[in-house]
Structures are given as structure tokens and as C-alpha cells.
There are 2 protein chains.
Amino acid sequence: MRNHAAGSPHKAVTIYDISRLAGVSPATVSRVLSGSARVSEAKRKAVLQAVQDSGFLPNALAQSLASSRTHTIGFLVPDIKNPYFSSIYYHVEILASQNGYAVLLANSRGAFENESRILQALTGRRVDAIVFMGGRIDAFPCSAAGIAELEKFNRMVPLLLTSRVEGTSIPQLCSREDGAVLALMRHLSEQGCRTFAILGGAEDVSVLHRRRALMLACGCRFGMVTQPKWALTDTGFSIESGRQAAAQLLQCGELPDAVCCINDMVAAGALQQLRSDGLQIPQDLLLTGFDGEVFSEVVDPGITTAAFDYPDFAQRIFDLLMRGIHQEPCAPVTELYPHLTIRGSTRREAP
Amino acid sequence: MRNHAAGSPHKAVTIYDISRLAGVSPATVSRVLSGSARVSEAKRKAVLQAVQDSGFLPNALAQSLASSRTHTIGFLVPDIKNPYFSSIYYHVEILASQNGYAVLLANSRGAFENESRILQALTGRRVDAIVFMGGRIDAFPCSAAGIAELEKFNRMVPLLLTSRVEGTSIPQLCSREDGAVLALMRHLSEQGCRTFAILGGAEDVSVLHRRRALMLACGCRFGMVTQPKWALTDTGFSIESGRQAAAQLLQCGELPDAVCCINDMVAAGALQQLRSDGLQIPQDLLLTGFDGEVFSEVVDPGITTAAFDYPDFAQRIFDLLMRGIHQEPCAPVTELYPHLTIRGSTRREAP
DNA sequence: TTGTACGCGTTATCAA
DNA sequence: TTGATAACGCGTACAA
């Protein structure tokens, strides 16, 4: 059974067909449709009429080949299931769509080879710009070869990295977390917290190093300390890794006053595990996450977190993309500031 | 400051450059790269060497224009932030990528005009096929004009609808939920449930009608009944709508034994609201969701749900897409069966 | 204002 | 096995 009607010889309509129908030249059709030059009202109406009647849809491939602009953006993330990435993508795509851009979205699963393959696929398709998230640009230490490859591609198409990468002039959009972490640790301190654990992350991912260093430094500033046995920081960034890290924490015997998780997914997993072992959050233990993902507000109690403003995040990305595409000047590094969002997981009813 | 190096005249390499470097004709270069015809080993090596040296990347636009195949798929969802859609997309995109396809992903936000605009953008870019999810094909009653427009596009590019739509021959992949709902209601009955409420959904969305009818019918079969005041079925499909519906339910005075939610997001929101009002799940009230989204397993207690096998879901989509692209025969309607997944929200420790 | 002709970078059809 | 040469569908100088 043939469902798709392409079997029938439905040759696509071209501007030549339109030019014949409207009794004008192909160039005039092009002019009317693109508005690139003035056309007499009569011919103009004839063309538009012919377009209507024939259901003409310009072939974007031919347009792009001639104009060398695809009005298409490439977007590379490790995993679109991760709400952090899907939130950003959602808002960027809407902005793009409203401005005549379509977006190619690929999942790298964080693997170097996949990233390379995807970059090639996107570049081959001549996307106007590429947003690169996760994977190699979050690696610790960062791979020189990986960055070199990015620079190679950046010579062919404007790239935008959403992490801080030293030693490259590729534009970067990164988060500046010192203010939020300071506020977070101050808040914990005000809730009577003296000791804290750090959960989740991976030693080969820079965000762990960055956030851990900030937590330790800011915690110290408020007289809060941690212990080596409470540093369960190489379990990953997933919900499941949060469960595992929490399970390990429970086997320490001694518990800290607070558990600071590397992100909200880990926090959600940890919360689940801690509760299933009979602990009350926040009565027995304070809990914090990071990023302001949807998980932080759907679990009970809600998780205190350092949240990004995703619509703003996306707007920044889109602006930088447009600058890249139009070869306008832009700062090499743009910073984003997450803000502390206090929820039930750190709010003790009776202080 | 100019970051992107496109300012310098880095003209892209073409097969003409390669042909000159390798001392062969452009046609031979094309043959080597596509493997479309036999080429002598000597010239073959010369071409590949030139490709290596120059860092040549074929212009996919030109390839597509000449071959009329883009190796690109269009994907239209209401909201990629919704884990139901991001799960499906994730797996489909990986399959596509592994098979040389890239995917354009657009968010329609469920709006008819956006869907039309996106279909046009995708078709104009000559994608090889389009996956259409949500929005008009989930509408109740279904809009004849909407379907007519889909058929118009289906004449230009193979479409795949992920809902059941009567009166069209466009291929459809839909879920067959009678088995799962029957198992669900039986399970509730075995847990001692005699009365139940239905939460979430929208009267103008078909999934509500379908699932509600099944729940009522299957519930009846096990002697379970509901009441009009417990039908809070026009609040939406979001987490927030789950909170609202639950809040309304609590004002009924009398509570049912179980709360059946239209999906897992509603269930997660309802759970949050019910707990914050002091109700114990599952002790005071059983709770169920639908779809097997990540929310159902991250909250506490886990939510009993009818879960899809997302990797399989995606595989089906991809297979149907390939059939459409290659104009191979395919069943007009393919069915998918979610399976009952029992979690803490309906499991009473002491029966 | 309008039309002609060429270029964009491939694939594909012919001869040779 | 190869190499001209013609599509593919559009933008755009250039000329009229």
C-alpha cells in the first residue's frame, strides 16, 4: 500500500513555472518574492497570483546554494532528554523560528567521535552557525586536540561554545556562579548548617571542579566545613547517580548538616534515596541542587537551587549567533548569572 | 573584535579544486566520493589524497539540489521540554544520525499557525520526511481543514503522524491503550480501590476522551465507579495543571480511593499538591499517571503508570520514515502498546 | 522597470 | 574507465 503520494509525478513548481504563468521573466519572480527590487504593480500581482494558484514553495536548497546562506542553525547537545538542554533549546528554537531560521538538533551523548561526526554533518549542510554544548568543552582537563578541531570548524562556520574554554578565541557563553554559590552557602549557614557534603559530578568534567571550589571557598567563609568521606563527587550527573551517591553517603555513619548536589538531577535522585532511608528533608538534612531544572520544583520538598533564567539564556545565545552570522563584533566571553532560588529542601519550619 | 575567521577569504573547497589537485575530471571526483561507479585505483587514491590535503567537505546543498534528497528529516513537536517528546526525539535522532540523516526540530507550541509555518519551512528546505506530533492531530474534534492541509503537504513530502487520525491515508503511529488501562484498573481494584477520580487533560484533546473512556469502561468492569465532581478533566497536561486539579479535588469534601491522572506530569503535580495538604500516598489515596515519563520515577513515591518503550517507539518511527522516503509499502496505522509499570503510588504496604 | 545570462557545487547522462 | 556537458532551482550583475 502506497500512502505517500510522491509516487505520482508531482514535479515541484519552480520560478520558471511561475514566470510562465505570470508572463514575466524568472528574475522578476525572484524579485517579487525576495523584494530585492522594485517591480511594477501589475506584474507583481500577476506573480503573486501565479504563486497562489500553483502552491509554489521556493526551493531553499537552490536559494542557499545561490546566496550561500541556509538560514539554518546547528545545535549540538549531549542529551536533549536532559531538561537543562531541552529548556535552552526550546527557547532558542522559538527565537530562531520567529526569525526565519530552522535548527538542526543533534545528540552527541558526550562522545568525542560523535561530536566530530556531527560537526562535519552540520558544516557539510552549510548551517549558518553552530551552538556547541557539553562534551569536550566541559572536559577537565580540556583536550587541546578537541579545541583545535573546534577552531578548524570555526574557520568554516561561526561557532558558539556554552562553556568557558581557555586559550581560544571562539565566542563563549558561560555561567558565572560565584555570586549564586555565595548566596547559597550564606543561606545554608543561616539555616544553622555547619557541615556539608558535595554529591555528584565527575572528576573529568570541569563544572565539578568549578562548583566544588566555589562551595568549599564560600562555605569556609561562613565557617562551614566538609570532610573527605563526604565528597562523593565522581558518580555522574544523572538522577540515578544521585541515588547512588546518597546511598554511599548514608553508609558514612556520620552525616553532614547539608548535602550540596552538583545539579538538580543529582539532587532529585539523592532526595529520593535519602527519604527512602527514612531521612526527613529538610528536618534531618538540608539539600541543594543547581541549574534550576524542572526537577527542582516537581519533587517534594522543592529543591533549593541556583537557577538560570532560561529565556534570557536563550536570548543571549541567539544574539551571539546573529552576531556571528553577520560577522559583527562580539565579546569573546559573555557571562550569565544564575540566581539563588530557595525552596523547601533548605527551609526549616521551626528555626 | 572579530572572533569568527570567516572574515578572511577562506573560500570553500569544491570538487573542481579537488579535480585540479588530483589531475582528474570533476565527474571522477564525484564518482570516487559517492562510489557510484568504478574508478581506477590510481585516480581513486589521487582523489582521496587531494580530499585529505585540502580538507574538502562536500556541499550538501549542491548534492541535494542535484540528487533531490537532503538526508534531512523534519520533526515537529509542541514542546521539546516535555519529556515525552524529548525522549522520543532523542532516540529517533540517534538512529537518524547513525544512518546519515540530520534532523530539523521545531516547537509548534500546539498552535495551528505555528504548525503551518513550520511545515512550510521544512518542506521548503526539502526535508526527506516529516514527523508530526501533537497539536492539530490530537485535537478533538479533529479539524478537517487541519487534516486537509496535512494531506497537501503529504503530497510534497512523506508525513508520519504520531496519533490516530480518522479519514486520512497519511501513515500513522498510534498507541493502543486498552490493554494497559485494563491492567491498570485491575491493579487498582486489587489494591482495594472502589472509587476513582480522573485528573487532567483538556476536552478539546482526543487523548482525554480516549483514556477517560477506557478508564471508565475498565473501571466499571471491576466494579469501580467515579463521580461527576471527581472529573477534573479540563485543566491541562502540565505539572501546574496537576496541582490545580488536585487542589480542586480536595475541595470536594469526599475523596475517591484513587486518582487517575491523564499523564505523568499531571500526576507529579497532583502528588505534590496532595502531599502538601497532608495526604499520604498511597495510604490515603492511590495515584496513577500515564506515559512512563521520567517524572513518574523521580518523585516519591514513584508513580504507577502505563509506560511506553521509548527506544522501540523511536525505532518504529524511524522505520516508517525510511519506508516513506523509499516509497515502500507500509501499514496505514501502526500500533504501540504501553505496559503497566507499578510503583509506590499504588502499592499499599499492609493490605 | 525588465529580461538575459551566468554562477552556485553537485549529480547524472552521454559519448568516447 | 573517463571526461565533457547538461540539469538541479535560484540570485544577481549586466544590459536593455
Side-chain angles (χ1 to χ4, degrees), chain A residues 9-47 50-51 54-72 100 121 123-128 156-157, chain B residues 9-48 50-51 54-72 100 123-128 156-157:
Chain A
H10 255 286
K11 293 283 300 175
V13 183
T14 74
I15 53 170
Y16 289 93
D17 301 320
I18 303 297
S19 75
R20 202 174 319 114
L21 262 63
V24 300
S25 77
T28 299
V29 177
S30 176
R31 292 189 185 100
V32 172
L33 268 52
S34 69
S36 62
R38 292 198 54 81
V39 174
S40 72
E41 197 52 29
K43 304 214 168 193
R44 178 189 167 68
K45 295 189 82 166
V47 166
V51 167
S54 62
F56 170 68
L57 243 188
N59 185 324
L61 299 172
Q63 290 180 320
S64 298
L65 190 57
S67 67
S68 63
R69 291 211 35 197
T70 55
H71 289 278
T72 301
T123 306
R125 281 174 176 78
R126 299 300 190 263
V127 294
D128 292 338
M156 315 180 68
V157 46
Chain B
H10 255 287
K11 293 284 299 175
V13 183
T14 74
I15 52 170
Y16 286 92
D17 301 320
I18 303 297
S19 76
R20 202 175 318 112
L21 262 63
V24 301
S25 75
T28 297
V29 176
S30 175
R31 287 194 259 264
V32 171
L33 268 53
S34 69
S36 61
R38 292 199 55 79
V39 173
S40 71
E41 197 52 29
K43 306 214 168 192
R44 178 190 168 70
K45 295 189 83 166
V47 167
L48 292 178
V51 167
S54 62
F56 170 67
L57 242 188
N59 185 323
L61 299 172
Q63 290 180 320
S64 298
L65 188 58
S67 67
S68 65
R69 291 212 36 197
T70 55
H71 289 277
T72 301
T123 305
R125 281 174 175 77
R126 298 300 189 263
V127 294
D128 291 338
M156 316 179 68
V157 46

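Remember, predicted model here, so these are calculated numbers, not experimental data. In what follows, chains are A, B, ... by sequence order, proteins preceding strands, each numbered from 1.
Between the C1' atom of D:dT12 and the CG atom of A:L33 lies a distance of 15 Å, rounded to the nearest Å. Regarding A:R38, its CZ atom lies at a distance of 10 Å from the P atom of C:dT2, rounded to whole Å. Between the CG atom of A:L61 and the C1' atom of D:dC10 there is a distance of 11 Å, given to the nearest Å. B:N59 has its CG atom 13 Å from the C1' atom of C:dG7, to the nearest Å. Taking atom CG of B:D17 as the reference point, atom C1' of C:dT10 lies 13 Å away to the nearest angstrom. The nearest whole Å value for the distance from the CZ atom in A:R20 to the P atom in D:dG9 is 12 Å. In this structure, A:R44 places its CZ atom 14 Å from C1' of C:dT1, rounding to the nearest Å. Spacing between atom CD1 of B:I18 and atom P of C:dG9 amounts to 13 Å, rounded to whole angstrom units.
For D:dG11, the OP1/OP2 oxygens have no side-chain nitrogen or oxygen of A:S67 closer than 4.0 Å. For the pair A:S40 and C:dT2, the criterion of a side-chain N or O lying under 4.0 Å from OP1 or OP2 is met. Put simply, B:S25 has no side-chain N or O that comes within less than 4.0 Å of OP1 or OP2 on D:dA4.
Checking D:dA13, C:dC8, D:dT12 against every side-chain atom of A:L65, the shortest atom distance belongs to C:dC8. Of all nucleotides listed (C:dT13, D:dA13, D:dC10), C:dT13 comes nearest to the side chain of B:R31. Considering only the side chain of B:V39, D:dT2 comes nearest among D:dT2, D:dC14, C:dT11. Residue B:I15 places its side chain closer to C:dT10 than to any other of C:dT10, D:dC10, D:dG3. Between C:dT11, C:dG3, D:dG9, one nucleotide has an atom nearer to the side chain of A:A66 than all others, and that is D:dG9.
Using a 4.0 Å heavy-atom cutoff across all strands shown, A:T28 reaches sugar-phosphate atoms only and no base atom. Nucleic acid contact class of B:P58 (heavy atoms, under 4.0 Å, all strands): sugar-phosphate only.
Residue B:P26 is the one, among B:P26 and B:R126, whose nearest nucleotide of DNA chain D lies closer to the 5' end (criterion: closest heavy atom).
Side chains of A:R125 and B:T72: a donor-acceptor N/O pair is present below 3.5 angstrom, by distance only.
Taking 4.5 Å as the limit, some side-chain heavy atom of B:S19 sits within range of a side-chain heavy atom of B:P26. Taking the side chain as every heavy atom from C-beta outward, A:I15 and A:F56 approach each other to under 4.5 Å.
Remark: the A:Y16 side chain and the D:dC10 base include a donor-acceptor N/O pair separated by less than 3.5 Å.
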Are B:V51 and B:V47 close enough, and set up right, to give a side-chain contact (heavy atoms from CB on, under 4.5 Å), and what steps lead you there?
CA-CA 6 Å; B:V51 167; B:V47 167; 4.3 Å; yes
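B:S68 OG to A:N59 CG: the interatomic distance, rounded to the nearest 0.5 Å, is 9.5 Å.
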